[in-house]
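Convention: sequence-line order gives letters A, B, ...; per-chain numbering from 1.
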Number of protein chains: 2
Amino acid sequence: MDDEQRVNLGVSLFIPYRYTEDRMFRALQDAGFDDWTLAQCRVFQRVAPDGSRLTDLADQAQMSKQSAGGMVDQLESLGYVRRVPDPTDGRARLIVIEGRGLQAVEVARATLDDILSEWKAYLGTRNFTLLQQILDQLAEITDPYARSAPQAPTSS
Amino acid sequence: MDDEQRVNLGVSLFIPYRYTEDRMFRALQDAGFDDWTLAQCRVFQRVAPDGSRLTDLADQAQMSKQSAGGMVDQLESLGYVRRVPDPTDGRARLIVIEGRGLQAVEVARATLDDILSEWKAYLGTRNFTLLQQILDQLAEITDPYARSAPQAPTSS
DNA sequence: GGTGTTAGTCAGGTATCTTTACTATATGCA
DNA sequence: TGCATATAGTAAAGATACCTGACTAACACC
């Protein structure tokens, strides 16, 4: 395979990512979670297990606070999350997963496990593990929310 | 790092993908291509070098034909692409990159090269090459547009 | 020639997203 | 402690991105 034919690395990262997203969303629908949209689901998946601030969700989803707020409103109405006071800041509330959301997380988890098993079988354990390790390493310089990211390289 | 703390693989594919997209879009803006939106740019990047059918673009972008058509209208107005008759099908036209689009492709290309050089330097040549190879392999079972994809595994 | 399929446009509409402005709360500093 | 600045998140108003259903001309196949 020569370079002319090779898909660029950005695209080749996107392909399996989208596969995962598509398949998980479909599995959720098949499991009865067919009352929400992909956009809502995308915000939902960013809610941390111990709850998230609206502004964090908005940052991570690269959307405005109001968009995120609107999505959370919808998720709350649908029973996937709840807003609770944030004990550390009187202005803020935490968005926590509950009710239907907890069940959806189980389905998503199980589907992802299936997918990863298939990938592992296809790639072999060694390459699968390497993939995880390399991507974790890459996240160190590409993830703005990494815990202690090195300074990202400046543009040339 | 134990499994509880590890970001799931879907997310870890997304992180560098988004980094690439963000950085390239910013570079295009800085280079004067600041007259288009990310949604337009996303459709644009799917236009093949020898031209694309509208319906192919719509498929690949997972959007409706009309949405894709509207985006192409806008790209055409902005001078990034042109519609030409498809010699193989009288119903169809090809969307080809021209004018501003050709210049934008150069900027995008150069930016991607920069990014990949940085990744290569950070990961080391060996892991960088492994990453490419593994992702190419993974695309065989995750890319609906792969040339001769094996049958994708069915959901459990 | 007849039938079923497809490319891409139209009509009508919804979903998702934005910026600006605002108030209550929090933070930092003199 | 008081004041200036910053922040969380909601409201208002609006733009952009996207959808489904319908349609006609062209295509593919028998």
Side-chain angles (χ1 to χ4, degrees), chain A residues 18 21-22 25-26 29 33-48 50-78 80-96 144-145, chain B residues 18 21-22 25-26 29 33-48 50-78 80-96 144-145:
Chain A
R18 187 168 70 176
E21 185 179 68
D22 287 348
F25 192 63
R26 228 178 306 132
Q29 287 179 312
F33 301 99
D34 55 0
D35 54 351
W36 58 355
T37 64
L38 188 56
Q40 292 166 348
C41 198
R42 281 184 180 147
V43 170
F44 177 78
Q45 74 170 126
R46 295 182 192 282
V47 180
D50 50 344
S52 293
R53 291 268 184 90
L54 181 74
T55 48
D56 289 338
L57 292 182
D59 276 349
Q60 288 176 41
Q62 289 189 341
M63 64 170 54
S64 68
K65 288 183 284 185
Q66 170 153 15
S67 293
M71 286 292 152
V72 170
D73 288 344
Q74 292 166 18
L75 289 171
E76 199 171 18
S77 296
L78 291 166
Y80 287 94
V81 300
R82 190 173 91 245
R83 281 176 161 107
V84 301
D86 182 340
T88 61
D89 187 331
R91 299 168 297 184
R93 281 180 290 178
L94 291 178
I95 291 108
V96 295
Y145 306 96
Chain B
R18 187 169 70 175
E21 185 179 71
D22 287 347
F25 191 63
R26 226 179 305 132
Q29 288 179 313
F33 302 99
D34 55 359
D35 55 350
W36 58 357
T37 65
L38 188 57
Q40 291 165 347
C41 197
R42 282 182 179 149
V43 170
F44 178 78
Q45 73 169 132
R46 295 182 192 283
V47 180
D50 50 344
S52 294
R53 291 268 186 90
L54 181 74
T55 48
D56 288 339
L57 292 182
D59 275 349
Q60 288 174 42
Q62 288 187 342
M63 62 171 56
S64 68
K65 288 184 284 187
Q66 171 154 11
S67 293
M71 285 293 151
V72 170
D73 289 344
Q74 292 165 16
L75 288 171
E76 200 171 17
S77 296
L78 291 164
Y80 288 92
V81 300
R82 190 174 90 243
R83 280 173 161 108
V84 302
D86 183 339
T88 63
D89 187 332
R91 297 169 298 185
R93 281 180 290 177
L94 290 179
I95 290 107
V96 296
Y145 306 96

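Counting non-hydrogen atoms under 4.0 angstrom, A/R83 reaches the backbone sugars and phosphates but no base. In this structure, B/S64 reaches the bases: a heavy-atom distance under 4.0 Å links it to at least one base atom across the strands shown.
Residues B/E21 and B/Q45 share a closest heavy-atom pair of OE2-OE1, 4.4 Å. Across A/L75 and A/W36, no two heavy atoms sit closer than the pair CD2-CE3, 3.7 Å. Of all the heavy atoms in B/S52 and B/L57, the pair that sits closest is CB-CD2, 3.8 Å. The two residues A/D34 and A/Q29 come nearest to each other via the heavy atoms CB-O, 3.9 Å. Minimum heavy-atom separation, B/Q40 to B/T37: OE1-N, 2.8 Å.
Within the 4.5 Å cutoff, no side-chain heavy atoms of B/Q60 are placed close to those of B/V47.
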Run the side chain to side chain contact (heavy atoms under 4.5 Å, CB included) test on B/V43 and B/Q74 for me, step by step, so that the C-alpha distance in whole Å, both residues' side-chain angles and the decisive distance to 0.1 Å come before the verdict. CA-CA 11 Å; B/V43 170; B/Q74 292 165 16; over 6 Å; no
Go through the steps to decide whether A/M71 and A/R42 satisfy the test side chain to side chain contact (heavy atoms under 4.5 Å, CB included), and finish with yes or no. CA-CA 10 Å; A/M71 286 292 152; A/R42 281 184 180 147; over 6 Å; no
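Using the six-membered ring where Trp is involved, B/F33 and B/Y80 have ring planes that are tilted, between 30° and 60° apart.
If you measure from atom CG of B/L78 to atom P of D/dT16, you get 12 Å, rounded to the nearest angstrom. Straight-line distance from the CG atom of A/L54 to the C1' atom of D/dT7: 12 Å, rounded to whole Å. The CG atom of A/L38 sits 12 Å away from the C1' atom of D/dC18 (whole-angstrom rounding). A straight line from CG of B/D56 to P of C/dT6 spans 13 Å, rounded to a whole angstrom. Residue A/R42 contributes atom CZ, which lies 13 Å from atom C1' of D/dA17 at whole-angstrom precision. Whole-Å rounding puts the A/Q62 CD to C/dT16 C1' distance at 15 Å. Computed from coordinates, the A/W36 CH2 to C/dT16 C1' distance equals 17 Å when rounded to whole Å. In this structure, CZ of A/R93 is placed 13 Å from P of C/dT25, rounded to the nearest angstrom.
With hydrogens and angles ignored, no donor-acceptor pair under 3.5 angstrom links the side chain of A/Q66 to the base of C/dC17.
Using a 4.0 Å cut-off, some side-chain N or O of B/T55 falls inside it from OP1 or OP2 of C/dG8.
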Restricting both atoms to N or O, compile the protein contacts to nucleotides 27-29 of chain D shorter than 3.5 Å, with distance only.
from	atom 1	to	atom 2	distance (Å)
D/dC27	OP1	B/G90	N	2.3

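In terms of position along DNA chain D, the nucleotide closest to A/I95 lies nearer the 5' end than the nucleotide closest to the other residue of the pair A/I95 and B/Q40. Heavy-atom nearest nucleotides on DNA chain C were determined for B/K65 and for A/T37, and the one closer to the 5' end corresponds to B/K65.
Partners of A/R53 by side chain to side chain donor-acceptor pair (under 3.5 Å), not counting sequence neighbours, listed by chain and number: A/D86.
Heavy-atom distances under 4.0 Å link DNA chain D to B/M71, B/Q74 of residues 68-76 of chain B, given in residue order.
Here the side chain of B/A92 is nearest to one of D/dC19, C/dC17, C/dA7, namely C/dA7.
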